[in-house]
Amino acid sequence: MANIFDDLEVGKSVFKDKQPLDHRFLPENLPHRKEQITQIAKYWIEALNNVTPSDITIYGKTGTGKTAAAKFAREQLNEAASNKNVFIKVEYIRCTDYTTEYQVIAQLCQKLGRNVPHRGWTKGEVINTFRDIFRRNAYGKKLILIVILDEIDILLSKDGDGILYTLTRTDNVSILSISNYVEFKQFITPRVMSSLRDKEIVFPPYGADQLADILSERAHLSFKEDTIESDVIPLCSAMAAKEEGDARYALDLLRTAGEIADEEESDKIIGDYVRRAKDRIEHNKITDIILTLPTQQQRVLDAILRLTQNNEEITSGKLYDTYKEVSKGDSVTYRRIFDFINELEMLGIISTNTISRGRGKGRTNIITLQCDTNLLEKTLYSI
Ligand SMILES: Nc1ncnc2c1ncn2[C@@H]1O[C@H](COP(=O)(O)OP(=O)(O)OP(=O)(O)O)[C@@H](O)[C@H]1O
């Protein structure tokens, strides 16, 4: 009998290898980020002279290559260090996976060969174990540790700045913080700020031409020859440049357009597939967000949808009344509704606009839906 996989593999595909279009793929070359990578290297070069480098903070909007550049610099430093008489470790921590100081320090201990449980010890015990690594390491050489804390804003907003306090007060540790949020330093208290003498590197959004260069390199690795019409890469780049220069979005567009070509059994990716890819990505993103909202927040959204469909101007008072009808007695306080409104706005599902009603009548917040009503209706009522 033929192997079942043989049949599945027979299908025609425009892809020769999908991996280079995956977010986690680290390309050998990062076009248009040489300057930023060189800046990181200029600080990290100290480590090759056995000196702990300055702390660094990287800022930039989503998809501007911050993670890729930091990981690229790490590879380069590891390679350079292998020829020198130094002992350097660069550890990468994504703060959405390790959300407390305890978890981050425990994870660092694990990576440096100390067996620390992910829960159960006191924070003091974990910190002592961590610091002990620098006093007595097996190689007898000074260990320099560079910790990359990606999405640090998440950790700081949830658990405070204890992690930075501990790391800045451990000898031979240097921090590279990565944040999407320029204001993240509001979470840092003066006690930590005074010892965090960090250098800042900004990652600007990519322009359409830069995105086209990035996509061309990846497309070359991912697609078979002559499978892309000439307008496809410029179209993906222009669309992603509008979305704040997000390279991740550009790659998603290109990969999804390729998948649509395969579904259509076409041997070429055409511009129309890119436009369909845009709708599909948008659709999936909104559906995912809505489906993972807590129930009470889904009800607030349901109330906004009903008012929008009735063409009503949505004030917070009117929203609360409709929300109470939707939730049939199981409702939160009026005060809490404002948190929900803020969160929905941050997710980009609604927008709010303050208008003045004229002298003496005060100001009112008007809420407007920012996603497709049909899509919202279908998603909410499928739950
Ligand atoms: N200059 C570049 N050359 C090649 N690929 C790039 C470049 N910049 C970004 N990318 C790719 O785009 C995707 C997103 O990049 P990355 O994860 O580094 O962005 P980020 O700024 O860290 O975003 P976020 O803040 O959302 O985590 C990755 O797949 C990365 O490989």
Side-chain angles (χ1 to χ4, degrees), residues 15 17-41 56-76 90-99 147-157 175-185 187 200-223 233-234 236-259 277 281-282 284-285 288-289 346-348:
F15 292 98
D17 181 5
K18 263 194 178 181
Q19 225 200 336
L21 292 176
D22 188 284
H23 300 157
R24 286 155 297 180
F25 180 79
L26 186 60
E28 274 179 25
N29 196 6
L30 289 175
H32 306 293
R33 282 298 175 245
K34 186 155 186 238
E35 188 187 320
Q36 284 77 8
I37 295 167
T38 309
Q39 274 178 285
I40 300 174
I56 308 175
T57 302
I58 290 182
Y59 300 106
K61 295 217 162 115
T62 191
T64 51
K66 303 181 297 296
T67 307
K71 288 188 169 174
F72 187 87
R74 174 181 65 173
E75 307 263 299
Q76 296 276 297
V90 187
E91 298 297 351
Y92 174 85
I93 305 270
R94 186 182 285 283
C95 301
T96 42
D97 299 335
Y98 302 94
T99 53
V147 185
I148 302 175
L149 292 172
D150 202 352
E151 310 208 33
I152 187 167
D153 17 342
I154 310 252
L155 174 55
L156 295 183
S157 64
I175 309 164
L176 170 72
S177 316
I178 303 182
S179 170
N180 286 343
Y181 183 53
V182 181
E183 308 282 310
F184 92 97
K185 286 201 174 151
F187 298 119
E200 298 181 1
I201 304 176
V202 177
F203 279 53
Y206 293 114
D209 291 346
Q210 296 179 324
L211 289 168
D213 290 339
I214 294 170
L215 288 186
S216 301
E217 293 209 1
R218 303 281 268 264
H220 185 69
L221 297 170
S222 277
F223 295 112
I233 287 184
C236 292
S237 312
M239 284 178 178
K242 265 203 206 150
E243 293 290 322
E244 310 199 299
D246 179 349
R248 181 179 296 116
Y249 181 60
L251 289 164
D252 280 348
L253 279 173
L254 190 58
R255 196 197 59 243
T256 310
E259 286 166 357
I281 292 169
E282 184 68 8
N284 291 346
K285 195 170 89 189
D288 281 355
I289 292 176
M346 267 171 42
L347 292 167

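Every number for a ligand or one of its atoms is a count from 1 in the order of the listing.
Closest to atom 5 (N) of ligand 1 among all protein heavy atoms lies R218 NH1, 2.9 Å. Looking at atom 1 (N) of ligand 1, its nearest protein heavy atom turns out to be P31 O, 2.7 Å. The single protein non-hydrogen atom nearest to atom 29 (O) of ligand 1 is H23 O, 3.0 Å, given as residue, atom name and distance. Looking only at protein heavy atoms, the nearest one to atom 18 (O) of ligand 1 is A68 N, 2.8 Å. Residue, atom and distance of the protein heavy atom nearest to atom 25 (O) of ligand 1 are N180 OD1, 2.5 Å. When only non-hydrogen protein atoms are considered, atom 23 (O) of ligand 1 lies nearest to G63 N, 2.9 Å. Nearest protein heavy-atom neighbour of atom 22 (O) of ligand 1: T67 OG1, 2.6 Å. Of all protein heavy atoms, the one closest to atom 10 (N) of ligand 1 is A247 CB, 4.0 Å.
Between atom CZ of residue R248 and atom CD1 of residue I214 there is a gap of 12.0 Å, rounded to the nearest 0.5 Å. To the nearest 0.5 Å, atom CD1 of residue I148 and atom CZ of residue R74 are 5.5 Å apart. Rounded to the nearest 0.5 Å, atoms OG1 (T64) and CD1 (I58) are 9.0 Å apart. Atoms CD and CD1, on E35 and I40 in that order, are 11.5 Å from each other to the nearest 0.5 Å.
Inter-residue side-chain proximity for I175 and L149 is flagged as met; some heavy-atom pair is nearer than 4.5 Å. For the pair M239/L253, a side-chain contact is recorded, criterion being any heavy-atom separation below 4.5 Å from C-beta on.
Taking a cut-off of under 4.0 Å to the non-hydrogen atoms of L251, the atoms of ligand 1 that pass are 11 (C), 12 (O), 13 (C), 29 (O). Atoms of ligand 1 lying under 4.0 Å from any heavy atom of F25, numbered from 1 in the order shown and given with element: 31 (O). Those atoms of ligand 1 with a heavy atom of R33 less than 4.0 angstrom away are 1 (N).
Considering only non-hydrogen atoms, atom 14 (C) of ligand 1 lies nearest to R248 out of R248, K66, E217.
Residue contact check for ligand 1: H32 places no non-hydrogen atom closer than 4.0 Å to it. Heavy-atom distances between Y206 and ligand 1 reach below 4.0 Å in at least one pair. The shortest heavy-atom distance from R24 to ligand 1 is not under 4.0 Å.
Of all the heavy atoms of I214, the ones lying under 4.0 Å from any atom of ligand 1 belong exclusively to the side chain. At a heavy-atom distance under 4.0 Å, no atom of D150 approaches ligand 1.
For G60, no nitrogen or oxygen atom sits less than 3.5 Å from a nitrogen or oxygen atom of ligand 1, counting backbone and side chain alike. Residue E151 has no nitrogen or oxygen atom sitting less than 3.5 Å from a nitrogen or oxygen atom of ligand 1, judged on distance alone.
In this structure, the side chain of S222 does not engage the main chain of A219 through any donor-acceptor pair within 3.5 Å. The backbone N or O of G60 lies less than 3.5 Å from a partner atom in the side chain of K66, making a donor-acceptor pair.
F203 has its ring centre no less than 6.0 Å from the ring centre of Y59.
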Show your working on side-chain contact (heavy atoms from CB on, under 4.5 Å) between D246 and K61 and close with a plain yes or no. CA-CA 8 Å; D246 179 349; K61 295 217 162 115; over 6 Å; no
Go through it in stages, so that I can follow the logic: the residues are D150 and T67, the test is side-chain hydrogen bond (donor to acceptor under 3.5 Å, both in side chains), and I'd like the CA-CA distance, side-chain angles, deciding distance and then a yes or no. CA-CA 7 Å; D150 202 352; T67 307; 2.7 Å; yes
